[in-house]
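Data first, discussion second: the structure below is written as structure tokens.
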Amino acid sequence: MSILGIMLLLHALAWSSERFCDWYAAHVFRIWVETYGRAMGMVPFSVGEALTWLGLGFGALGALLGLIWLAGRLPAGRREEWGKKGGRHRRFCQAYCMTAMWILLAVFVLMTLNCYLLYHTSGFGEKYLEASAGGYGLEELEVLRNFVVEQCNALCCRIPRNKDGSLSYEGDMGEAAREAMGKLGEAYSQLDGFYPAPKPLRCSDFLSRRYIAGCFYPFSMEANYNDVMYVMNMPSAICHELAHLKGFIREDEANLIGYLACVQYEDIYFRYSGYLSVLYYIDNDFREAAGHERYLAAEPILPQVHQDNVFLTDRERARVEEAAPPGAEVVDAVSDSIADARLKLNGVEDGVVSYSNVVELLLRYYDVYGYDEKP
């Protein structure tokens, strides 16, 4: 109980002291990445994913034990048999429950130290964009939107393509992402240091049905990505997940960091992926704010850009939908609700909608640093 008490005290401190959380992210969380994260990175598969499956299996076993207990208690004809075996069953159930309690406590500790405290830091914008004037309107949004569209239009015409017009990446994308993040760390101190190797997930089909590009497992300190989605999503998604390993746990901030790591890297695939990753967030906001006529007068998005900016190819989408088990829609809806609730419980009021808040951060970034990138 003392461990639980300490964790609850840390939660209370986190909600009341942003300064403490900033210190924790800069000095203590970094140690977990350099030690525990480095060790997990040596394992060739996603440890977090494996632990998740083990946890589901352990929970299923608990449900089965509950059914056995009910089966032994309810039918009158089996009460004598249950009485003979009950002692053994009871001891096993007690051991199971005790183990479950320790596992849940361990998960709560790891989630507190590697995730929950980080939601209460001051964030990337406050740390590095505090010179921003703020108060952005339609004019600034239009400039940002046209800039990103121009970059996408130019890069889509320059990037090497296969004979059928599709895109593929030659090389080690994970290593390139680590290098891109390392270069970004030269400008932003909290992003420097060691990055574990990102890992693909075996459950990528499940993630694809929910349009999830990757995930960060706090209890294994791993950056994981969906290797079924279209290749142009991967560079920005991997950099996004690696950003979580530096204490930037909020999704809009990780979106911005993934974007900056990609567009400032020399690899044209990464640069194109970076601009594509924010294109629709910005374009949708501008369309809603500008109205039909002004939107049509703005810089047009080339059809090829639209074709490149897909989450799944038609072939992969058909395969994923065909392979979906019965009841997949219910599972997906429940998973989305849980993800939304988790974000709101940690102080992210917009829940899963917070991903689109990257537009505000981009406006702040370019207000401070200006538009000087070239396609």
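Reckoned from all heavy atoms, side chains included, excluding hydrogens, waters and symmetry mates.
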Does any N or O in the side chain of [X] come within less than 3.5 Å of the main-chain N or O of [Y], such that one atom is a donor and the other an acceptor?
| X | Y | answer |
| --- | --- | --- |
| R30 | A25 | no |
| Y96 | G62 | yes |
| N162 | D164 | no |
| K127 | D22 | no |
| E222 | G41 | no |
| E321 | A318 | no |
| E241 | F216 | yes |

Contact between [X] and [Y] at the side-chain level, heavy atoms closer than 4.5 Å - yes or no?
| X | Y | result |
| --- | --- | --- |
| L144 | V148 | yes |
| L276 | S236 | no |
| L13 | S16 | yes |
| W32 | M221 | yes |
| Y195 | V33 | no |
| L4 | L105 | yes |
| E360 | R364 | yes |
| M234 | S273 | no |

Can you tell me how far the [atom1] atom of [X] sits from the [atom2] atom of [Y], to the nearest 0.5 Å?
| X | Y | atom1 | atom2 | result |
| --- | --- | --- | --- | --- |
| I159 | Y269 | CD1 | OH | 5.0 Å |
| Y116 | L10 | OH | CG | 13.5 Å |
| L260 | F124 | CG | CZ | 5.5 Å |
| H306 | I301 | NE2 | CD1 | 4.0 Å |
| Y265 | M181 | OH | CE | 12.5 Å |
| S277 | N255 | OG | CG | 6.5 Å |

- Message: Looking at F45, I'd like to know if the NZ or CZ of R202 sits under 6.0 Å from its six-membered ring centre while staying within 45 degrees of the ring's axis.
- Response: no
Exercise. Go through Y36 and I31 one step at a time and tell me if the side-chain contact (heavy atoms from CB on, under 4.5 Å) criterion holds.
Key: CA-CA 8 Å; Y36 184 58; I31 297 174; over 6 Å; no
Salt bridge or not between [X] and [Y]? Use side-chain N to carboxylate O under 4.0 Å.
| X | Y | result |
| --- | --- | --- |
| R145 | E142 | no |
| D192 | K246 | no |
| R287 | D283 | yes |
| D308 | R161 | yes |
| E139 | R294 | yes |

Give the intermediate values and the outcome of side-chain contact (heavy atoms from CB on, under 4.5 Å) for residues L129 and Y369. CA-CA 9 Å; L129 304 179; Y369 296 105; 3.6 Å; yes
>> Using side-chain hydrogen bond (donor to acceptor under 3.5 Å, both in side chains), reason through Y272 and Q151 one step at a time and then give a plain yes or no.
In response: CA-CA 8 Å; Y272 191 27; Q151 300 293 314; over 6 Å; no
Smallest heavy-atom separation, F270 atom then C239 atom, equals CE2-SG, 4.2 Å
Note: G125 and L361 closest approach over all heavy atoms is CA-CD2, 4.4 Å
Give a yes or no on this: more than 12 heavy atoms of other residues, nucleotides or ligands lie within 6.0 Å of atom CD of E293.
no
**Message:** Are more than 12 heavy atoms, taken from residues, nucleotides or ligands other than F58, located less than 6.0 Å from that residue's CZ atom?
**Reply:** yes
Run I3 and V109 through side-chain contact (heavy atoms from CB on, under 4.5 Å) and show every step you take. CA-CA 8 Å; I3 298 176; V109 169; 3.7 Å; yes
Between Y128 and Y365, is the gap from one ring center to the other below 6.0 Å?
-> no
**H244 ring center within less than 6.0 Å of F29 ring center** = no
For this session: Show your reasoning for whether side-chain contact (heavy atoms from CB on, under 4.5 Å) applies to F248 and L118.
Result: CA-CA 7 Å; F248 294 103; L118 303 175; over 6 Å; no
**Message:** I'd like to know whether E288 forms a side-chain hydrogen bond (donor to acceptor under 3.5 Å, both in side chains) with N284, so could you lay out the CA-CA distance, the side-chain angles of the two residues, the decisive distance to 0.1 Å, and finally the verdict.
**Reply:** CA-CA 6 Å; E288 183 177 345; N284 290 339; over 6 Å; no
Fit a plane to each ring of F147 and Y275, take the angle between them on a 0 to 90° scale, and name the class: parallel (under 30°), tilted (30 to 60°) or perpendicular (over 60°). perpendicular
Under the criterion side-chain hydrogen bond (donor to acceptor under 3.5 Å, both in side chains), I'd like the reasoning laid out for Y169 against D267: C-alpha separation, chi angles, the key distance, then a yes or no. CA-CA 11 Å; Y169 189 83; D267 189 315; 2.7 Å; yes
Check your understanding: N226 and S208: side-chain donor and acceptor closer than 3.5 Å?
Key -> yes
Please list every donor-acceptor pair under 3.5 Å in which a side-chain atom of residues 309-316 meets a protein atom from a residue at least two apart or in another chain.
from: T313; atom 1: OG1; to: E316; atom 2: N; distance (Å): 3.2
from: E316; atom 1: OE1; to: R319; atom 2: NE; distance (Å): 3.1
from: E316; atom 1: OE1; to: R319; atom 2: NH2; distance (Å): 2.9

Worked verdict on Y136 versus D367 for side-chain hydrogen bond (donor to acceptor under 3.5 Å, both in side chains)
CA-CA 9 Å; Y136 307 107; D367 184 28; 2.9 Å; yes
